[in-house]
Amino acid sequence: MRDRYAKLEKLREIGVDPYAYSFDPSHSLARAKTEFEVLESEEGETDAGEGPHVELPGVRVAGRILSYRDLGGSAFAHVGDADGRIQIHLKKNVLGEDGAALMELLDLGDWIGVEGDIFRTRRGEVTVRVTSLDLLSKTLRPLPFGKEEVLESGERIVHSGFSDLAQRYRQRYADLAVNPEVREVFRLRTRLTTELRRWLDDRGFIEVETPVLQPLYGGALARPFTTHHHSLDQQMYLRIADELYLKRLIVGNMDRVYEIGHDFRNEGIDRTHNPEFTMLELYYAYADYRDVMELTETLVSDVVTAVAGTTEFEWDGNTIDLAAPWRRISWAEAFSEHTGLDVVESTTEELTEAVKRSGREDADGLSRVQLLDSLFSSHVEDGIIHPTFVYDHPIEMSPLAKPTRGNPAFAERFEAIVCGFELVNAFSELNDPLDQWRRFADQAQLRAAGDDEAMVIDEDYVRALEYGMPPTGGFGMGVDRLVMLVTGQTSIRDVVLFPVLRPEEVE
RNA sequence: GCGCCGUUAGCUCAAUUGGCAGAGCAACUGACUCUUAAUCAGUAGGUUCGGGGUUCGACUCCCUGACGGCGCACCA
């Protein structure tokens, strides 16, 4: 870095501002290249060095220097921007004295703007013959570039690239700058959320924003992040779910609503859990959970097709197909199939025994619900690879869902499970205020008994239900997890730009 | 929280049994005006993650701490 500080001084000495104020490109790098190729095909021959000499004159482009090959009197470099790269040819006798002096002071990573004509070199690469060179921003810290090889097939091989995971997450800016495939993951992520919105907007859903900072948390079973509002002198929480606010909107005659936003859960971190994650929740009037199942499989299947052109994905060694329809199996059936136990008939002692056998030592203190949940996660969920709706959960596990018609020990709820993790959770939403009150009361009892993930009573929410909520279906979907499936990433950290990490000291 | 593995130059990695800490790329100096993992000649670059210990001697062995990966546990 010391060398680069010296270059800063030299730049100022020769009258170059190392941090320019602006530049006005005529083309993005990708467009410049494409436009040249179109021109070439219109004018005939494209054979390198043969045929008519085609040029696209007067192009102004900008980007970061990715590679540099100094040949003395001239140099070749690759310049990259957000989604393209192009080779440039710098010649000292063309650039003149000032330009030549500037060339001497360039480093990998520097931002430059150039003007010139595009031609194809003898070796066949589309290249800008630079007539004017501007430094836009000097790089003081060397970027961790690898050496790059592009095979005839167009495949890009990086040698000794930037691969230390911790560093890549902490210095995502450097990761993005040198690893275009990382940029591609996040570009695809954005296309996916854009398509989700388009799909929902087309069907009359409206996007809303509900509070992230809440006086009470609810809508899921999880520990919250807690904070304090000074002037109200009140405990506040970061939301763990959007659910209760969105359903208040259904009460308020907003028939179809959705929200894409961050939820926060104060739980462990692993490859499918980041404490802050993106949830899509939607609710619509007059629907039950069967309707939501159809909506779910259609939505996912349509949206992934729109962004990836396929519903088939390779993920962690499995090939999965997200095309509708998805398999359906009842919770009780899946449970007895994989554990050999009956949900209703089994005694709490039998369940406790089974949990202990599955390797968990704290089984004795657990409630029946926790036992069932524990067995389900360890025996059933992990084994489900292909998209599957598991429906009709035990009602004690589902305090916001209507009882299953004709079978009130269960609730009209489903989870969509793919590759061993939960992608979607949905209900026929409970709209009976008296029943909802009883369910909250049951949760309060669990809480009193020491289950710190049980729900807290939300009296205002019950008041809203008293005003009447129509029959409603709704779901919550883990957007990060869908992005993981579509991009083939097996860690949520690879689809979150700045994942939660332990703090470090910056040198 | 528990277990296993890891942390060496800016980046990617070596270092035999405990015996002089090395390479490629990047950087720097020089040569070269169609190169593309450019090439050629040379130079410099280190608190071997931190702290403690064993030893004549520690990158290497022991203890401890930090950070990371994987697995388990927790977790809609």
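Remember, it's a predicted structure, so these values are computed and weren't measured experimentally. Each chain gets a letter, A, B and so on, in the order its sequence line appears, and its residues count up from 1.
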- Query: What nucleotide among B:rC34, B:rU12, B:rG68 has an atom nearest to a side-chain atom of A:Leu71?
  - Reply: B:rC34

- Query: Is any side-chain heavy atom of A:Glu415 less than 4.5 Å from a side-chain heavy atom of A:Phe389?
  - Reply: no

- Message: Quick check: any donor-acceptor pair below 3.5 Å linking the side-chain of A:Glu149 to the base of B:rU36?
- Response: no

- Task: Report yes if a side-chain nitrogen or oxygen of A:Gln167 is closer than 4.0 Å to either non-bridging phosphate oxygen (OP1 or OP2) of B:rC11; otherwise report no.
- Result: yes

- Specify the separation, in whole Å, of atom CG of A:Leu90 and atom P of B:rU36. 16 Å

- Would one find a side-chain N or O of A:Ser163 under 4.0 angstrom from OP1 or OP2 of B:rU12? yes

- For A:Gln370 and B:rA73, give me the distance from atom CD to atom P, rounded to whole Å. 16 Å

- Would one find more than 12 heavy atoms of other residues, nucleotides or ligands at under 6.0 Å from atom CD of A:Glu97? no

- Nearest-Å distance, CG (A:Leu66) to P (B:rC11)? 19 Å

- Query: Taking atom types as they are modelled, is there a donor-acceptor pair under 3.5 Å from the base of B:rU35 to the side chain of A:Thr121?
  - Reply: yes

- Query: Which part of the nucleic acid, if any, lies within contact of A:Asp373, taking any heavy atom under 4.0 Å across all strands shown: a base, the sugar-phosphate backbone alone, or nothing?
  - Reply: sugar-phosphate

- Item | B:rU60 to B:rG19 separation - C1' atoms, rounded to the nearest Å | 11 Å

- Query: Using a cut-off of 4.0 Å on non-hydrogen atoms, how would the nucleic acid contact of A:Arg265 be classed: base, sugar-phosphate, or nothing?
  - Reply: sugar-phosphate

- Task: Could you state the atom-to-atom distance from CZ of A:Phe119 to C1' of B:rU33 in whole Å?
- Result: 11 Å

- Task: Considering only atom P, compute the distance from B:rU47 to B:rU8 and round it to an integer number of Å.
- Result: 12 Å

- Message: Measure CD/A:Glu125 against C1'/B:rU35 and give the value in whole Å, please.
- Response: 9 Å

- Message: From C-beta outward on A:Glu267, which listed nucleotide comes closest to its side chain: B:rC74, B:rC75, B:rG68?
- Response: B:rC75

- Message: Under 4.0 Å, heavy atoms only, any strand: does A:Arg481 hit a base, just the sugar-phosphate, or nothing?
- Response: nothing

- Between A:Arg129 (CZ) and B:rU35 (P), how many Å, whole number? 15 Å

- Message: Rounding to an integer number of angstrom, what distance separates B:rC20 and B:rC62 when you compare their C1' atoms?
- Response: 25 Å

- Tell me which of A:Lys92 and A:Ala222 sits closer to the 5' end of RNA chain B, going by the nucleotide each one is nearest to. A:Lys92

- Task: Provide the distance between the two C1' atoms, one in B:rA37 and one in B:rC25, to the nearest whole Å.
- Result: 9 Å

- Query: A:Arg122 CZ to B:rU35 P: how many Å, rounded?
  - Reply: 7 Å

- Give one of base, sugar-phosphate or nothing for A:Gly476, where a contact means two heavy atoms less than 4.0 Å apart. nothing

- Item | Residue pair A:Glu125 / A:His78, side-chain donor-acceptor N/O under 3.5 Å | yes

- Among A:Arg64, A:Lys138, A:Lys7, A:Arg141, whose salt bridge (charged side-chain N to carboxylate O under 4.0 Å, His left out) with A:Asp110 holds? A:Lys138

- Query: Are a donor atom and an acceptor atom from the side chains of A:Tyr217 and A:Asp458 found within less than 3.5 Å of each other?
  - Reply: no

- Query: Using atom P of each nucleotide, how far apart are B:rA38 and B:rA26 to the nearest Å?
  - Reply: 7 Å

- Task: State, yes or no, whether a side-chain contact exists between A:Phe427 and A:Lys402 at a heavy-atom distance under 4.5 Å.
- Result: no

- Message: Show the nearest heavy-atom pair for residues A:Gly478 and A:Met279, with the distance to one decimal.
- Response: N-SD, 4.4 Å

Sequence neighbours left out, cut at 3.5 Å: what donor-acceptor pairs do the side chains of residues 488-497 of chain A make with other protein atoms?
from     : atom 1 : to       : atom 2 : distance (Å)
A:Ser491 : OG     : A:Arg493 : N      : 3.2
A:Arg493 : NH2    : A:Val500 : O      : 3.4
A:Asp494 : OD1    : A:Tyr169 : OH     : 3.0

- Query: Counting only N and O atoms by type, is there a donor-acceptor contact under 3.5 Å from the side chain of A:Arg239 to the main-chain atoms of A:Thr210?
  - Reply: yes

- Under 3.5 Å, is there an N or O donor on one side and an acceptor on the other linking the side chain of A:Asp164 and the base of B:rU12? no

- Query: Mind checking the C1' distance from B:rC67 to B:rG51? Whole angstroms is fine.
  - Reply: 15 Å

- For B:rA44 versus B:rG10, give the span between their C1' atoms, rounded off to a whole number of Å. 14 Å

- Message: Using a 4.0 Å heavy-atom cut-off, does A:Glu422 contact any base of the nucleic acid, only the sugar-phosphate backbone, or nothing at all?
- Response: base

- Taking all heavy atoms of A:Glu267 and all of A:Ala222, pick out the closest pair and write down the distance. OE2-CA, 3.5 Å

- Task: Report the nucleotide, chosen from B:rC34, B:rG68, B:rG71, that has the shortest atom-to-atom distance to any side-chain atom of A:Arg271.
- Result: B:rG71

- Would you tell me if any nitrogen or oxygen in the side chain of A:Arg69 comes within less than 4.0 Å of OP1 or OP2 on B:rU35? no

- Measure the acute angle between the ring planes of A:Phe225 and A:Phe264, then classify it against the limits of 30° and 60° as parallel, tilted or perpendicular. perpendicular

- Of all the choices, B:rG69, B:rU12, B:rC34, which nucleotide is nearest to the side chain of A:Leu165 once you look at every atom? B:rG69

- Taking a pair as Watson-Crick (N1 to N3 plus N6-O4 or O6-N4) or G-U wobble (N1-O2 and O6-N3), both under 3.5 Å, which stems of 3 or more consecutive pairs involve RNA chain B? B:1-7 with B:66-72, B:10-13 with B:22-25, B:27-31 with B:39-43, B:49-53 with B:61-65

- Along nucleotides 21-28 of chain B, 5' to 3', which nucleotides get a B, which get an S, and which get a -, given that the test is a protein heavy-atom distance under 4.0 Å? ---BSSSS

- Message: Please determine whether a side-chain nitrogen or oxygen atom of A:Arg123 lies at a distance below 4.0 Å from atom OP1 or OP2 of B:rU36.
- Response: yes

- Can you tell me, in whole Å, how much space there is between the C1' of B:rC11 and that of B:rG45? 14 Å

- Message: What contact category does A:Glu415 fall into here, base, sugar-phosphate, or nothing, at under 4.0 angstrom with non-hydrogen atoms?
- Response: nothing

- Measure the shortest side-chain to side-chain distance between A:Tyr391 and A:Trp331 over non-hydrogen atoms and say whether it is less than 4.5 angstrom. no

- Atom CG of A:Asp70 to atom P of B:rA31: distance rounded to whole Å? 10 Å

- Between A:Gln87 and A:Arg69, a side-chain donor and acceptor under 3.5 Å: yes

- Counting only distance, no hydrogens or angles, is the base of B:rC75 paired donor-acceptor with the side chain of A:His273 under 3.5 Å? yes

